[in-house]
Each structure stands twice: as structure tokens, then as C-alpha cells.
Amino acid sequence: MNIIRITTTKTAQERTDRAFYNLDFTITDNALERVVATVYTPESRPDSDTPPVFIGTITYENGQIFCSLPREAAIAGLMADFESSLSRIQADIASENTDNA
């Protein structure tokens, strides 16, 4: 068998003052390929009987960022949170690559 590509999908959660995020990200051949942040209100609790209140999504895919957020959302703040999460994910991937080298 000739393995030609290795793809890993991970899920993380993060909470800020602005929102609660569910982050699904895909790493292909040790490079970040895609991040989908599902954005919920900051009060949302995934372990609660009350369903989280959905705000929208922010997606990074192959170097491009796009979003689906309502106009009344604090878009600049949500994008800043996403940028911070994206940087941490990329740093973790780089660290894993260094550890495996």
C-alpha cells in the first residue's frame, strides 16, 4: 500500500467575552488546510440541557477567510477571536511537526 496523504481532523472549544466557539480543523500532510468556527453566544454551554444560541460561522480554507455572520454581530471582535485561535492552531501544528521530526 502506498499512502499518498494523511489527513487529521480535530475539534476544540474556546470561550471569550464575545462568544463561545466550536472549532473543527483539518490538517493534511502536516499543513493546516481548513478551520470552521461555529460561533455561539458567550453564555452558551455545550454541556447544558439548553441548546447553544447560534450566531454564525467563520471559515479558513486554503489561505482564505470567509464568514456568515449577521450584520448586528460584533464582527470585528469575532474576527479578532478567530485570528487568535487560528494563530494558536498553526503554532500547535508547527510544534507537533518539530516534535515528530
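Atom set for the values below is all heavy atoms of this structure, side chains included, hydrogens, waters and symmetry mates excluded. Count residues from 1 along the sequence.
One distance of note links CZ of Phe25 with OG1 of Thr9; it measures 9.5 Å at 0.5 Å rounding. Leu32 CG to Ile27 CD1: the interatomic distance, rounded to the nearest 0.5 Å, is 6.5 Å. Atoms CZ and CD1, from Phe82 and Ile75 in turn, are 14.5 Å apart once rounded to the nearest 0.5 Å. From Asp81, atom CG reaches atom OG1 of Thr16 across 3.5 Å, with rounding to the nearest 0.5 Å. In this structure, OH in Tyr60 is found 11.5 Å from CZ in Phe66, a value given to the nearest 0.5 Å. If you take CZ on Arg34 and OG1 on Thr28, they are separated by 11.0 Å, rounding to the nearest 0.5 Å.
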Practice problem: Let me see the working for Arg45 and Arg15 under side chain to side chain contact (heavy atoms under 4.5 Å, CB included), right down to the final yes or no. | Solution: CA-CA 10 Å; Arg45 301 273 180 233; Arg15 183 179 308 281; 2.7 Å; yes
Check: Step by step, would you call Glu33 with Thr26 a side-chain hydrogen bond (donor to acceptor under 3.5 Å, both in side chains)?
Finding: CA-CA 6 Å; Glu33 186 173 286; Thr26 304; 5.8 Å; no
Inset, instruction - Would you check, one step at a time, whether the test salt bridge (Lys or Arg N to Asp or Glu O under 4.0 Å) holds for Lys10 with Glu96? - result: CA-CA 14 Å; Lys10 297 183 179 187; Glu96 286 178 11; 2.9 Å; yes
task: Please test Val39 against Thr57 for side chain to side chain contact (heavy atoms under 4.5 Å, CB included), starting from the C-alpha separation and ending with a verdict.
output: CA-CA 6 Å; Val39 185; Thr57 59; 5.8 Å; no
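A donor-acceptor pair is defined here as one N or O able to donate and one able to accept, closer than 3.5 Å; such a pair exists between the side chain of Asn97 and the backbone of Asn30. At distances below 3.5 Å, not a single donor-acceptor pair connects side-chain atoms of Arg5 with backbone N or O atoms of Asp29. Panel note: side chain Ser44, backbone Thr41; a donor-acceptor pair is recorded below 3.5 Å. No donor-acceptor distance shorter than 3.5 angstrom exists from the side chain of Ser84 to the backbone of Ala80, with no hydrogens or angles considered.
Of all heavy-atom pairs spanning Gly56 and Leu69, the tightest one is CA-CD2, 3.9 Å. The minimum heavy-atom distance linking Ala19 with Leu78 is given by the pair CB-CD2, 3.7 Å.
Cluster membership check: Ile58 does not share its hydrophobic cluster with Val53, using side-chain heavy-atom separations under 4.5 Å among Ile, Leu, Val, Met, Phe, Trp and Tyr. Follow the hydrophobic side-chain contacts under 4.5 Å out from Phe54 and you never reach Tyr21; the two are in separate clusters. The hydrophobic clustering, which links ILVMFWY residues whose side-chain heavy atoms are closer than 4.5 Å, places Val35 and Met79 together.
Counting heavy atoms from C-beta on, the side chains of Arg18 and Pro42 never come closer than 4.5 Å.
Counted within 6.0 Å of CD on Glu83, heavy atoms from surrounding residues, nucleotides or ligands total 12 or fewer; the atom is thus considered open. Crowding of Asp49 atom CG: a count of heavy atoms from other residues, nucleotides or ligands under 6.0 Å not exceeding 12.
By the 30° and 60° cut-offs, the orientation of the rings of Tyr40 relative to Phe20 is tilted.
Using a 3.5 Å distance cut-off with no hydrogens or angles, the side chains of Ser95 and Thr98 do not pair a donor with an acceptor.
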